[in-house]
Structures are given as structure tokens and as C-alpha cells.
Engineer: 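My structure is below; once you've seen it, I'll send some questions.
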Amino acid sequence: MSLKEYIVSAPGKAILHGEHAVVHGKVALAVSLNLRTYLRLKATTTGKVCISLPNIDSFLSWDLSELKQLIPCPCDKKEEEVKLLDAELVKRLHEFVGVTNGILDTCNMAALAFLYIYLSLFGSGELPSLAVCVWSELPTGAGLGSSAAYSVCLAAALLCVSGAIPTPLKEWDHTSRWCQKDLEVINSWAFQGEMIIHGNPSGVDNAVGTWGGMLRFLAGKIIPLNRVPLLRILLTNTKVPRSTKVLVARVKDKINKFPSVMTPVLESVHAISCTCEKVLFEMTCEPITGEHYNILEELIDINQHHLNVMGVGHPALDTLCQVTITRGLHSKLTGAGGGGCGITLLRPETDSFVVQSTVQDLKDLGFDCWETSIGGPGVQQHSPLSVKEDIMEILTHY
């Protein structure tokens, strides 16, 4: 193990188009959200593994001697062959962190994902003494891929420490990315973390965290799309809680009740995703025009109406759309709907006063709102100088 400090980050994710329709075999477009999760890992000589999660006010520490007891058997897993969870290790970890009735809180989930990847990678040799700190710009439980960004960061840092993949950062680099082969290894281990946390994830969130940019998701197949433009957006969290399971069931019931009405709606959403993908591709290989943005805005409006037809809208999301349209900005829900989050497209020429006053109006309604971008890079390794000062301060504080 190379005794070094590692700093990595991974983006969150938003669904641009295709939420709910994707459950019924239609295309969805998932994009990286440039609100990132940062992880700093440092080798220590304390004989402990410590993980600090200041976002959720959790600070965990285990002696290496107690962790050694958890390793079920000599670990023969090759990094390239990570597919199924080691059920015996999962069971031992559940007992170890004190999970009762299978109910996981955020702290338990974070601990389980970390310990699973750590013990799977190092279990066949000497366990390293480490201090890890994670800080995220993403809200948890808002459908923005926060758990996947965490799993991707864990996988990238621990794989580097174990020597399973090389460190891409050269002495003179500020940030650096891994090659395709190494990204696939990171993604497969991050998917393990997501399975620990969610049970049966689609794999979309960790793929977005790994590759960034935009992914096309259709019938279980995930295709990263090369070259997408960086788009400025407002991301708004209405903070209205919702159950994805309930909303998915609601859409299914409506399709069963009105098949001849709802099938064309799903087909239309599919066409929106395909049209959007085509426009975004055009924006990378020809001069970007106002017409490109006109089409993107119209697609956002049409899709939002379709989502209301499906029954996954909410008065808080209607308010978001009304507040933004009065300033000439177009919004739609992203994710499960029924509350949760919405995205608002910002044109390059949108005046900063318009942006700031819109953000303020939305905050005055009790919503959280961020100006950010979609389509940015996936998992990266950073030099300390390339990390924003306030984030670096948190990462080095613990």
C-alpha cells in the first residue's frame, strides 16, 4: 500500500427526461449534477479505521483487531469479477454495526458500504490503518444520487490504496481521471456499495457518478454518451417528502386503468428523451444557437405536463414552475416527483440578477435552491489545491 493522501470527488445525478417512463421500457436520460461528494483518505499508524461524515454528524472508529474477526474466508475476489455480494460478509457486517430488523439509517448504510468495500479489498492481506473524511454538497434522500456519489468515492480511493488500480494524478496535475478500464472497476465496486445501501439498485446512479456527462438508460442497459454540453441549471429541493415506491405504483395503476390513454403519453416521453439527446449532440458539434435552447425549453414544458398527467406532480412543483416561468425560465420535476426536486434550465445569456432573484424567491417559499450545472465530469482525483477552500477545510478538520 502506498502511504499517501488521496482526495477524490464524484458528482450527483439528475434525471433530465424519462422518469417513470423508464420503468415501462422507455428511454431515460440521466445527467451528472455538479454538486459533488468529496472524500479524503489518509494512511495512519493508529491501528484503527476512522470515518468522519460531518454532513450527518457521524464519526465512526473501529480497531483493526475487531475488523479482522469479520473476514469470512480468504478473499479470492478479483476486482474485475465483482458482481454478487458476499452474503456471509453482509450478514456479519449487519450484526457488527447493530442493524435491527433490517432497518438501516443513513449512518448504518454509510458504515456498511465502507466496511464491505474495505474488507473485500484488503481482507486477504494486512488491513491498513486509515482515516477517511467525506463531505457532500448534495442533500441526502432527495433522489440526487448522494449514496452513489459516496460509493463511487469510496471505491475509487480504496482501490487506489489497495493498488488494484493506479493513481491517475501526476505531480503537476490539479485534477485527473482514470482510464476506461479502471473506471469500469470503480463502477463495479461502487455498484456493490449501492446494493448494500439500496438492495436492488438500477446501476444508473453509480454509473453517472463514475462517468459523469449523460447516460442513456433503456431496458436495463446503460450507455454513457460521449460529448454533451455543460448546461447551467437551478436545482430546487421542495423538501416535500415522497415515496418513490408509492409514486411508481400510482403510475402503473393509471396505465392499467387507461391503457389507450396512457400508452401514448409514455411514447411521447420516450420521443422527448430521444429528441433531447439529438439536440444535445448537435450542440457539441455545431455553434450553439438560441433555437437549441428554445427546443430544450419546450421539451421541458411538455415533459412536465406529461408527468402531471401521470399523477406524479405536486402543488410545490407547480409553484416552482410558476415562479420560474414569470422570469422566462422553464422547469420540470426530476426523479420520482410528488415533491422532491426540480430543475430549471438557464440560458447562457440569462442575466445574473434574474438568476439571483429567482433563487431568492424560491428560498422565500421555504425551498432549497442551488445554481449549478449538468453534464460535468465523473469521478476525479484532486490535488489539495484544486479543491474549494471551504471544502478542503472540512476535509482536513477531522
Side-chain angles (χ1 to χ4, degrees), residues 11-20 28-35 137-139 142-145 214 228-242 247 268-269 272-273 275-276 279-280 283 288-376:
K13 78 107 210 328
I15 303 292
L16 190 53
H17 291 294
E19 46 271 275
H20 289 287
L29 299 179
V31 286
S32 63
L33 190 59
N34 207 22
L35 294 172
E137 298 172 316
L138 290 158
L144 299 174
M214 184 167 79
V228 287
L230 199 66
L231 299 176
R232 289 169 64 214
I233 63 156
L234 293 181
L235 173 75
T236 303
N237 185 1
T238 66
K239 298 194 276 195
V240 175
R242 75 277 176 275
L247 291 158
S268 180
V269 171
I272 287 167
S273 295
T275 307
C276 180
V279 172
L280 292 174
M283 290 169 79
I288 296 173
T289 65
E291 186 52 28
H292 287 127
Y293 274 90
N294 291 345
I295 296 168
L296 293 178
E297 288 174 344
E298 283 193 67
L299 293 176
I300 283 171
D301 292 344
I302 298 165
N303 199 355
Q304 178 60 20
H305 287 301
H306 284 341
L307 289 159
N308 279 327
V309 167
M310 288 184 212
V312 297
H314 188 275
L317 292 163
D318 295 339
T319 301
L320 163 65
C321 293
Q322 286 156 9
V323 168
T324 56
I325 202 65
T326 57
R327 298 183 184 276
L329 305 173
H330 299 255
S331 304
K332 68 175 280 289
L333 68 84
T334 180
C341 294
I343 51 174
T344 306
L345 183 63
L346 300 175
R347 286 173 172 256
E349 70 271 18
T350 304
D351 187 76
S352 64
F353 171 76
V354 170
V355 175
Q356 285 161 13
S357 49
T358 306
V359 169
Q360 195 51 56
D361 287 350
L362 293 167
K363 285 183 173 176
D364 290 345
L365 289 164
F367 301 159
D368 285 339
C369 191
W370 300 265
E371 183 184 351
T372 183
S373 59
I374 52 176

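Predicted model only: the values in this text are computed from it and were never measured.
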Engineer: Applying salt bridge (charged side-chain N to carboxylate O under 4.0 Å, His left out), name anything that partners Arg347, two or more places apart in sequence or on another chain.
Structural biologist: Glu297, Glu349
Engineer: Taking side chain to side chain contact (heavy atoms under 4.5 Å, CB included) as the definition, give me every residue that meets it alongside Asn308, ordered by chain and number, with sequence neighbours left out.
Structural biologist: Gln304, Asp318
Engineer: Is any side-chain heavy atom of Val312 closer than 4.5 Å to one of Leu317?
Structural biologist: no
Engineer: With rounding to the nearest 0.5 Å, note down the distance linking CG in Leu234 to CG in Leu346.
Structural biologist: 4.5 Å
Engineer: Quick one about Thr344 and Thr324 (side-chain donor to acceptor, distance below 3.5 Å, no hydrogens or angles considered), yes or no?
Structural biologist: no
Engineer: Kindly say whether Gly340 contributes a backbone atom to a donor-acceptor pair with the side chain of Thr238 at under 3.5 angstrom?
Structural biologist: yes
Engineer: Quick one: list whatever passes salt bridge (charged side-chain N to carboxylate O under 4.0 Å, His left out) with Asp361, sequence neighbours left out.
Structural biologist: Arg327
Engineer: Could you check whether any side-chain heavy atom of Thr358 comes within less than 4.5 Å of a side-chain heavy atom of Leu329, counting everything from C-beta outward?
Structural biologist: yes
Engineer: Suppose we screen for side chain to side chain contact (heavy atoms under 4.5 Å, CB included). Which residues come up paired with Asn303, at least two apart in sequence or across chains?
Structural biologist: His17, Glu19, Val269, Ile272, His306, Leu307, Lys332
Engineer: Using the salt bridge (charged side-chain N to carboxylate O under 4.0 Å, His left out) criterion, which residues pair with Asp301? Sequence neighbours excluded.
Structural biologist: none
Engineer: Look only at the side chain of Thr236 and the backbone of Cys369, and say whether a donor-acceptor pair between them is shorter than 3.5 Å.
Structural biologist: no
Engineer: Applying salt bridge (charged side-chain N to carboxylate O under 4.0 Å, His left out), name anything that partners Glu298, two or more places apart in sequence or on another chain.
Structural biologist: none
Engineer: As an exercise, state the distance from OG1 of Thr275 to CD1 of Ile295, rounded to the nearest 0.5 Å.
Structural biologist: 9.0 Å
